[in-house]
A.B. asks: 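Dumping the structure here so I can ask a few things about it.
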Amino acid sequence: MNISFNFEDVGFPLPDEQSLVDWIDYAVKNEHCFTGNLSYIFCSDEYLWNMNKQYLGHDYYTDIITFDYVEDRYVSGDMFISYDRVYDNAEKFNVSRETELLRVMIHGVLHLVGYDDQTDEQEAEIHRMEDFYIDVFNQQFRKQ
């Protein structure tokens, strides 16, 4: 198991990294999978917009792009997260930046373990699971 946090062209304080690692590993195992290599790369809107255009052919801003390297039930992937989108969405949805960051981080993991968000029903389910895992983080993994 290897979970890493990297910064491309932004910098900001993360919640306790070991707590994040333990939480992400818990979520993967709770979804009946095994944690492989997960890399979080935090970047700017422009960085992620360029990746979205180059790799996915999408010409719009997004909060996360997940590259799936899952094999069998071993969950591995690279998750690029725009901190600009996280910051803006936190204000838009009236939540803390940390809560929105946790939401986006677990959203990528949920995709890797098999959740989708292409239909309204799937989107509702993945949001329910995001809320569930954010509650788990706050109750079990947050350093006091």
Side-chain angles (χ1 to χ4, degrees), residues 1-58 60-90 93 95-144:
M1 170 185 85
N2 181 35
I3 299 172
S4 64
F5 307 102
N6 309 283
F7 295 86
E8 194 55 47
D9 61 349
V10 296
F12 59 91
L14 280 174
D16 180 68
E17 287 189 22
Q18 189 58 55
S19 294
L20 291 172
V21 167
D22 294 344
W23 173 61
I24 293 161
D25 185 50
Y26 170 87
V28 170
K29 289 176 179 169
N30 195 57
E31 296 297 328
H32 311 291
C33 296
F34 303 100
T35 305
N37 295 313
L38 295 170
S39 180
Y40 286 91
I41 303 96
F42 301 100
C43 58
S44 67
D45 261 352
E46 294 303 313
Y47 189 95
L48 198 55
W49 173 67
N50 284 320
M51 288 188 69
N52 208 11
K53 282 181 17 180
Q54 180 179 358
Y55 294 104
L56 302 175
H58 301 154
Y60 54 81
Y61 294 107
T62 188
D63 52 3
I64 185 169
I65 295 176
T66 302
F67 293 93
D68 183 336
Y69 310 129
V70 174
E71 291 185 24
D72 298 317
R73 292 186 353 213
Y74 287 86
V75 178
S76 295
D78 292 331
M79 291 165 278
F80 289 81
I81 295 174
S82 167
Y83 189 69
D84 297 324
R85 285 299 93 219
V86 168
Y87 181 93
D88 288 349
N89 286 340
F93 299 120
V95 298
S96 72
R97 290 181 202 158
E98 181 178 295
T99 296
E100 185 62 13
L101 181 63
L102 292 171
R103 185 193 68 75
V104 175
M105 291 176 72
I106 205 65
H107 183 89
V109 170
L110 290 169
H111 276 302
L112 293 173
V113 300
Y115 289 86
D116 209 343
D117 56 7
Q118 298 301 307
T119 68
D120 289 343
E121 291 161 346
Q122 291 171 333
E123 189 173 2
E125 177 67 6
I126 204 168
H127 286 313
R128 188 181 71 74
M129 295 308 295
E130 291 165 3
D131 290 343
F132 170 77
Y133 284 115
I134 289 168
D135 287 344
V136 167
F137 180 83
N138 288 328
Q139 293 172 13
Q140 297 181 30
F141 295 97
R142 177 177 299 286
K143 294 284 185 197
Q144 299 301 328

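Keep in mind the model is a prediction, meaning the values are calculated, not measured.
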A.B. asks: Could you tell me whether the side chain of Tyr133 reaches within less than 4.5 Å of the side chain of Leu110, counting heavy atoms only?
C.D. replies: yes
A.B. asks: Do the side-chain N and O atoms of Asn6 and Ser39 include a donor-acceptor pair separated by under 3.5 angstrom?
C.D. replies: yes
A.B. asks: Going by heavy atoms in the side chains, are Leu101 and Leu14 under 4.5 Å from each other?
C.D. replies: yes
A.B. asks: Hey, mind stepping through Phe42 and Tyr83 against ring-ring contact (aromatic ring centres under 6.0 Å, His included) and telling me if it holds?
C.D. replies: CA-CA 6 Å; Phe42 301 100; Tyr83 189 69; 7.8 Å; no
A.B. asks: Is there a donor-acceptor contact under 3.5 Å from the side chain of Asn50 to the main chain of Glu46?
C.D. replies: yes
A.B. asks: With distance as the sole criterion, is a donor-acceptor pair present between the side chains of His127 and Asp117 under 3.5 Å?
C.D. replies: no
A.B. asks: Atom NE2 in His107, atom OG1 in Thr66: separation rounded to 0.5 Å?
C.D. replies: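 The NE2 atom of His107 sits 6.5 Å away from the OG1 atom of Thr66.
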A.B. asks: Minimum heavy-atom separation for Arg73 and Cys33, please, with both atom names.
C.D. replies: O-CB, 3.3 Å
A.B. asks: In Å and rounded to the nearest 0.5 Å, what is the CE to CD distance from Met51 to Glu8?
C.D. replies: 9.0 Å
A.B. asks: For the pair Phe67 and Phe80, name the ring-plane relationship: parallel under 30°, tilted 30 to 60°, perpendicular over 60°.
C.D. replies: perpendicular
A.B. asks: Does Val10 reach the side chain of Tyr47, with side-chain heavy atoms less than 4.5 Å apart?
C.D. replies: no
A.B. asks: Side chains of Ser44 and Asp9: donor-acceptor distance under 3.5 Å anywhere?
C.D. replies: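 Judged by distance alone, the side chains do pair up.
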A.B. asks: Does CG in Asn2 sit with more than 12 non-hydrogen atoms of other residues, nucleotides or ligands closer than 6.0 Å?
C.D. replies: yes
A.B. asks: Walk me through it: do Phe7 and Phe12 pass the test ring-ring contact (aromatic ring centres under 6.0 Å, His included)?
C.D. replies: CA-CA 9 Å; Phe7 295 86; Phe12 59 91; 5.2 Å; yes
A.B. asks: Can you give me the closest heavy-atom contact between Val75 and Val70, atom names plus distance?
C.D. replies: CA-CG2, 4.0 Å
A.B. asks: Would you indicate whether the side-chain heavy atoms of Phe93 and Thr99 approach each other to under 4.5 Å?
C.D. replies: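 No, side chains not in contact.
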A.B. asks: Taking all heavy atoms of Ser76 and all of Leu112, pick out the closest pair and write down the distance.
C.D. replies: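 Heavy atoms of Ser76 and Leu112 come nearest at O-CD2, 3.9 Å.
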A.B. asks: Measure from the side-chain N and O atoms of Ser19 to the backbone N and O of Phe141, and report whether any donor-acceptor pair falls under 3.5 Å.
C.D. replies: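 Side chain of Ser19 to backbone of Phe141, a donor-acceptor pair under 3.5 Å: yes, one is there.
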A.B. asks: So if I apply the side-chain contact (heavy atoms from CB on, under 4.5 Å) rule between Met1 and each of Asn37, Asp25, Ile24, which one comes out positive?
C.D. replies: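 Testing Met1 for a side-chain contact (heavy atoms from CB on, under 4.5 Å) against Asn37, Asp25, Ile24 leaves exactly one candidate, Asp25.
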A.B. asks: Please report the closest heavy-atom contact between Ser96 and Ala90, naming both atoms and the distance.
C.D. replies: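 Heavy atoms of Ser96 and Ala90 come nearest at O-CB, 3.8 Å.
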A.B. asks: To the nearest 0.5 Å, what is the distance between CG on Asp120 and CD on Glu125?
C.D. replies: 13.5 Å
A.B. asks: Any chance the side chains of Ser82 and Asp63 put a donor and an acceptor closer than 3.5 Å?
C.D. replies: no
A.B. asks: First locate atom OG1 of Thr119, then atom CD of Glu121, and finally report the distance between them rounded to the nearest 0.5 Å.
C.D. replies: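 Those atoms lie 5.5 Å apart.
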A.B. asks: Testing Thr62, Val104, Asp45 one by one against Arg85 for a side-chain contact (heavy atoms from CB on, under 4.5 Å), which residue passes?
C.D. replies: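 So the option named by the test is Asp45.
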A.B. asks: Do you know which two heavy atoms are closest between Met79 and Leu38, and how far apart they sit?
C.D. replies: CE-CD2, 3.9 Å
A.B. asks: Might you confirm whether atom OH of Tyr55 has over 12 heavy atoms from other residues, nucleotides or ligands at distances under 6.0 Å?
C.D. replies: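 No - once you tally the heavy atoms of other residues, nucleotides and ligands closer than 6.0 Å, there are 12 at most.
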A.B. asks: Say whether, by atom type as modelled, one donor and one acceptor occur between the side chain of Asn52 and the main chain of Tyr60 under 3.5 angstrom.
C.D. replies: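 It does hold such a pair.
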A.B. asks: Given 3.5 Å as the limit, does a donor-acceptor pair link the side chain of Trp23 with the main chain of Asn138, or not?
C.D. replies: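 No, Trp23 side chain to Asn138 backbone: no donor-acceptor pair under 3.5 Å.
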A.B. asks: Give a yes or no on whether a salt bridge exists between Glu98 and Arg142, defined as a side-chain N under 4.0 angstrom from a carboxylate O.
C.D. replies: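 Between Arg142 and Glu98 there is a salt bridge, with a charged N closer than 4.0 Å to a carboxylate O.
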A.B. asks: Can you tell if the side chain of Tyr61 reaches within under 4.5 Å of the side chain of Leu48, non-hydrogen atoms only?
C.D. replies: no
A.B. asks: So for atom OH, which belongs to Tyr74, do other residues, nucleotides or ligands contribute more than 12 heavy atoms lying within a distance under 6.0 Å?
C.D. replies: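 Result for OH/Tyr74: open.
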A.B. asks: For His111 and Ile126, what are the C-alpha separation, side-chain angles and deciding distance, and is it a side-chain contact (heavy atoms from CB on, under 4.5 Å)?
C.D. replies: CA-CA 9 Å; His111 276 302; Ile126 204 168; 4.0 Å; yes
A.B. asks: Would a distance-only check, ignoring hydrogens and angles, find a side-chain to backbone donor-acceptor pair under 3.5 Å from Arg97 to Val86?
C.D. replies: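 Flag not set: sc Arg97 to bb Val86 has no pair under 3.5 Å.
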A.B. asks: Below 4.5 Å, heavy atoms only, C-beta onward: do Glu31 and Met129 meet side chain to side chain?
C.D. replies: yes
A.B. asks: Can Ile81 and Ile41 be said to form a side-chain contact (heavy atoms from CB on, under 4.5 Å), step by step?
C.D. replies: CA-CA 6 Å; Ile81 295 174; Ile41 303 96; over 6 Å; no
A.B. asks: Is it true that Asp131 and Arg103 have a side-chain N and a carboxylate O under 4.0 angstrom from each other?
C.D. replies: no
A.B. asks: Would you say the side-chain atoms of Tyr40 pair up with the backbone N or O of Met105, donor to acceptor, closer than 3.5 Å?
C.D. replies: yes
A.B. asks: Tyr115 vs Arg128, test: side-chain contact (heavy atoms from CB on, under 4.5 Å). Steps then yes/no.
C.D. replies: CA-CA 11 Å; Tyr115 289 86; Arg128 188 181 71 74; 5.8 Å; no
